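Quick notes on the structure that follows.
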Amino acid sequence: MFRTHTTKEASVLDGEEVKVCGWVHDIRVLGRIAFIIIRDRYGFAQLTLIKSVIGKENFKKYTKLTRESVICARGKVQKTEQANLGFEIVPDEIDVLNLAETPLPLGVADKVSADMETRIENRFLDMRKPEVLAVFIARSNILRGIRDVLLKENFIEVHTPKIVATATEGGTELFPVKYFEKDAFLNQSPQLYKQILMGSGFDRVFEIAPAFRAEEHNTTRHLNEFISIDAEMSFADDEDAMSVLERGIQNAIKYAVEDETFKLLNQDINVPEIPFKRLTYDEALEIINSRGVNIEWGEDFSTEALKILGEEMDDFYFITKWPLEIKPFYVLPFEEKYSKAFDLMYRDKELSSGAQRNHVYASLIEVMKSKGLNADSFEFYLRAFRYGMPPHSGWGLGLERLVMIITGVKNIRECVLFPRDRTRLVP
RNA sequence: GCCCCGGUAGUGUAGCGGCCUAUCAUGCGGGCCUGUCGAGCCCGCGACCCGGGUUCAAAUCCCGGCCGGGGCGCCA
């Protein structure tokens, strides 16, 4: 057995023999006494080495260990006020499982910061930092928070193809892939497939999976590969969809903040009250124009415009009743020039977009024509609308955007283990 | 796709024509120290992205390349 206890399990003991394994975080030598700080995923433990007890040779050997080496220490746990952690382990024996080379390309315990590039190139080391790990623990909790709500509300978790023959919505660029003798693409969204499932009578589905966009954007809030959380529900309107979404967000934040590692992020966020405020596109436009930024009716909001909304509104809010012309073909038209589309915002950031969908075949064809789309290439999708398609609604939510907002991380790349951006394909 | 900005020891930086055999911190190596916990003190190690040009003189100015960061557009 490598270890009997994690550092956290050992921290509550007193007098017991334990074996703990982890990384050498730091070593402090003070003449005839030395301290080795050992770190594992769960925390830290201090190994206290007294030269006269452990022997001259062992003392020298152990204090010459390099930082970030992997060791396993066997010894007695003692509660003590003298240690900052409130306990220490007095080792009889330390096994060196793997000696780390020196110098480290990125210091884990160093007091200097590192650039994003250095961090990502040495991501395995970067992720040894407890505050970096905390982002991924939060990410896991956020996912669980949303998944729990969806499962509880009877959604079926599904997976749709990521290698596809046609664009989902037009507009964004796709990554081409060779599919034997055919040309194919990486899917930008599961939109069309989850709608087909409504025609299959699945009633409520959700999918948590990667989506790919070949846009050459270079910002702190875009990725070329991201995780899209998509939900779709039958016999439901836009309001029903928004309501599921806000319950999911609320629960995600609840799960994230109640984890004890969340405090490492120094993020001040409260579990939000629901329902979130609904603001129509027209109302939003009025606010923006009143602040001197001119946006014409029917235009999408610029970053500058969204910053104004972010200042005027509460943290989370929906923008509803969008002009039909700036939304994708599959949204339901409403009062001539409007649609049943909505966006979920957090201050100035777009988190999610959704809509009640157009389930009427003839109307769908008409909208596609007006947008210059070729209905023939969407036949696999459209045929589901000819043999019994219920009214339905849904949304897509960018996981990393949500993680960014909840954890307070400023660059979306920090929310992904190994991010894919305009120039990064390795690691 | 358009527009800014930047590349100096392992890491993060200062310097922006001659005071540079290049600053500081961190790290690494060595020494002292029996309770450190951002340990302390002393000694040492280690760097100007690549190619061309301007100049008596280039880390510093100019051109090209490569690499990176950010903003906009677009979106999640």
Side-chain angles (χ1 to χ4, degrees), chain A residues 25-37 44-54 59 63-64 66-68 78 80-88 90 100-122 125-126 168-173 188-191 210-230 245 299-307 326-328 343-346 349-354 395-405 410-413 415 421-424:
Chain A
H25 188 73
D26 195 15
I27 301 178
R28 289 187 276 272
V29 186
L30 292 84
R32 274 166 278 176
I33 187 168
F35 305 98
I36 297 178
I37 310 301
F44 297 91
Q46 172 172 286
L47 308 179
T48 301
L49 281 66
I50 296 161
K51 202 188 230 172
S52 60
V53 175
I54 203 155
F59 188 84
T63 54
K64 289 295 162 221
T66 53
R67 278 190 181 180
E68 297 307 316
Q78 289 176 350
T80 170
E81 289 297 306
Q82 283 176 297
N84 209 216
L85 297 163
F87 77 105
E88 64 186 7
V90 181
E101 284 180 29
T102 180
L104 295 164
L106 175 71
V108 176
D110 285 15
K111 296 156 196 96
V112 291
S113 56
D115 286 345
M116 188 61 65
E117 191 197 357
T118 310
R119 293 181 52 196
I120 291 174
E121 265 178 24
N122 301 287
L125 276 173
D126 184 46
T168 307
E169 317 178 8
T172 69
E173 296 289 318
Q188 61 172 118
S189 157
Q191 183 62 34
F212 306 90
R213 310 241 166 127
E215 290 293 333
E216 299 194 19
H217 33 47
N218 194 223
T219 79
T220 52
R221 57 184 189 285
H222 292 271
L223 292 163
N224 293 289
E225 175 179 346
F226 66 97
I227 298 298
S228 183
I229 304 172
D230 277 87
L245 178 54
E299 271 185 88
D300 205 346
F301 300 136
S302 62
T303 302
E304 190 189 11
L306 293 177
K307 289 212 166 90
I326 48 171
K327 285 290 170 186
D343 277 8
L344 174 63
M345 306 291 301
Y346 179 83
K349 290 192 179 62
E350 291 175 43
L351 255 186
S352 168
S353 63
W395 41 260
L397 168 67
L399 172 63
E400 288 82 3
R401 288 267 175 97
L402 183 61
V403 174
M404 206 177 163
I405 283 159
K410 283 169 230 74
N411 191 321
I412 200 162
R413 279 166 264 232
C415 301
D421 61 26
R422 174 64 187 85
T423 54
R424 200 169 270 110

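First the proteins, then the strands, lettered A, B, ... as listed; each starts at 1. Given the structure is predicted, the values throughout are model-derived calculations rather than measurements.
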**OP:** Return the value, rounded to whole Å, for the distance between atom CZ of A:Phe226 and atom C1' of B:C75.
**Re:**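 It is 8 Å, rounded to the nearest whole Å.
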
Original post:
Nearest-Å distance, CD (A:Glu68) to P (B:C28)?
Top reply: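 After rounding, the gap between these two atoms is 10 Å.
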
Subject >> Test side-chain contact (heavy atoms from CB on, under 4.5 Å) applied to A:Glu350 and A:Leu306, step by step >> reply: CA-CA 9 Å; A:Glu350 291 175 43; A:Leu306 293 177; 3.7 Å; yes

[atom1] spacing across the pair [N] / [M], given as an integer number of angstrom:
| N | M | atom1 | value |
| --- | --- | --- | --- |
| B:U60 | B:G52 | P | 14 Å |
| B:C37 | B:C49 | P | 38 Å |
| B:G10 | B:C3 | P | 35 Å |
| B:U8 | B:G15 | C1' | 9 Å |
| B:U36 | B:G40 | P | 12 Å |
| B:C72 | B:G12 | P | 25 Å |
| B:C19 | B:A59 | C1' | 15 Å |
| B:C50 | B:U55 | P | 23 Å |

Shortest non-hydrogen contact from [X] toward [Y]:
| X | Y | answer |
| --- | --- | --- |
| A:Asp343 | A:Lys327 | OD1-NZ, 3.0 Å |
| A:Asn224 | A:Asp421 | ND2-C, 2.9 Å |
| A:His217 | A:Arg422 | O-CB, 4.0 Å |
| A:Arg119 | A:Asp126 | NE-OD1, 2.9 Å |
| A:Leu49 | A:Phe59 | O-CE1, 3.6 Å |
| A:Phe87 | A:Gln46 | O-CB, 4.5 Å |

Original post:
What's the verdict on side-chain contact (heavy atoms from CB on, under 4.5 Å) for A:Phe35 and A:Asp26, showing C-alpha distance, side-chain angles and the deciding distance?
Top reply: CA-CA 8 Å; A:Phe35 305 98; A:Asp26 195 15; over 6 Å; no

Original post:
Between B:G27, B:U11, B:A76, which nucleotide gets closest to the side-chain atoms of A:Asp110?
Top reply: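 Between B:G27, B:U11, B:A76, the one nearest the side chain of A:Asp110 would be B:G27.
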
Original post:
Considering only side-chain heavy atoms of A:Arg401, which listed nucleotide, B:G27, B:A76, B:A25, is closest?
Top reply: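 Shortest atom-to-atom distance from the side chain points to B:A76.
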
Original post:
In B/S/- notation, 5' to 3', how is nucleotides 66-73 of chain B contacted by protein heavy atoms closer than 4.0 Å?
Top reply: -SSSBBBB

Subject >> Contact letters for nucleotides 30-40 of chain B, in which S counts primed atoms plus P, OP1 and OP2 and B counts the base, heavy atoms under 4.0 Å >> reply: S--BBBBBBB-

Original post:
With no angle test and no hydrogens, is the base of B:G7 tied to the side chain of A:Asp115 by a donor-acceptor pair under 3.5 Å?
Top reply: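 It does not, because no donor-acceptor pair links the side chain of A:Asp115 to the base of B:G7 below 3.5 Å.
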
Subject >> Donor-acceptor under 3.5 Å (A:Gln188 side chain, A:Glu173 main chain) >> reply: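 Judged by distance alone, no pair lies under 3.5 Å.
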
**OP:** Describe the nucleic acid contact of A:Ser352 in one word from base, sugar-phosphate, nothing, applying a heavy-atom distance below 4.0 Å.
**Re:**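 If one applies the 4.0 Å heavy-atom cut-off, A:Ser352 turns out to touch the sugar-phosphate alone, with no base involved.
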
**OP:** Please step through side-chain contact (heavy atoms from CB on, under 4.5 Å) for the pair A:Arg413 and A:Leu223, ending with a clear verdict.
**Re:** CA-CA 7 Å; A:Arg413 279 166 264 232; A:Leu223 292 163; 4.3 Å; yes

Original post:
Is the shortest heavy-atom distance from the side chain of A:Ile412 to the side chain of A:Arg401 under 4.5 Å?
Top reply: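 SC-SC contact between A:Ile412 and A:Arg401 confirmed.
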
**OP:** Please work out the stems of RNA chain B from pairs that are Watson-Crick or G-U wobble with both distances under 3.5 Å, keeping only runs of three or more consecutive pairs.
**Re:**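 Stems (3+ consecutive pairs) listed as B:1-7 with B:66-72, B:10-12 with B:24-26, B:27-32 with B:40-45, B:49-53 with B:61-65.
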
Original post:
Testing A:Val108, A:Asp110, A:Thr102 for side chain to side chain contact (heavy atoms under 4.5 Å, CB included) with A:Arg67, which one passes?
Top reply: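 Single pass found, and it is A:Asp110.
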
Original post:
Starting at the 5' end of RNA chain B and moving along, which residue's nearest nucleotide shows up first, A:Leu106 or A:Leu344?
Top reply: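 Whichever sits nearer the 5' end wins; that is A:Leu106.
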
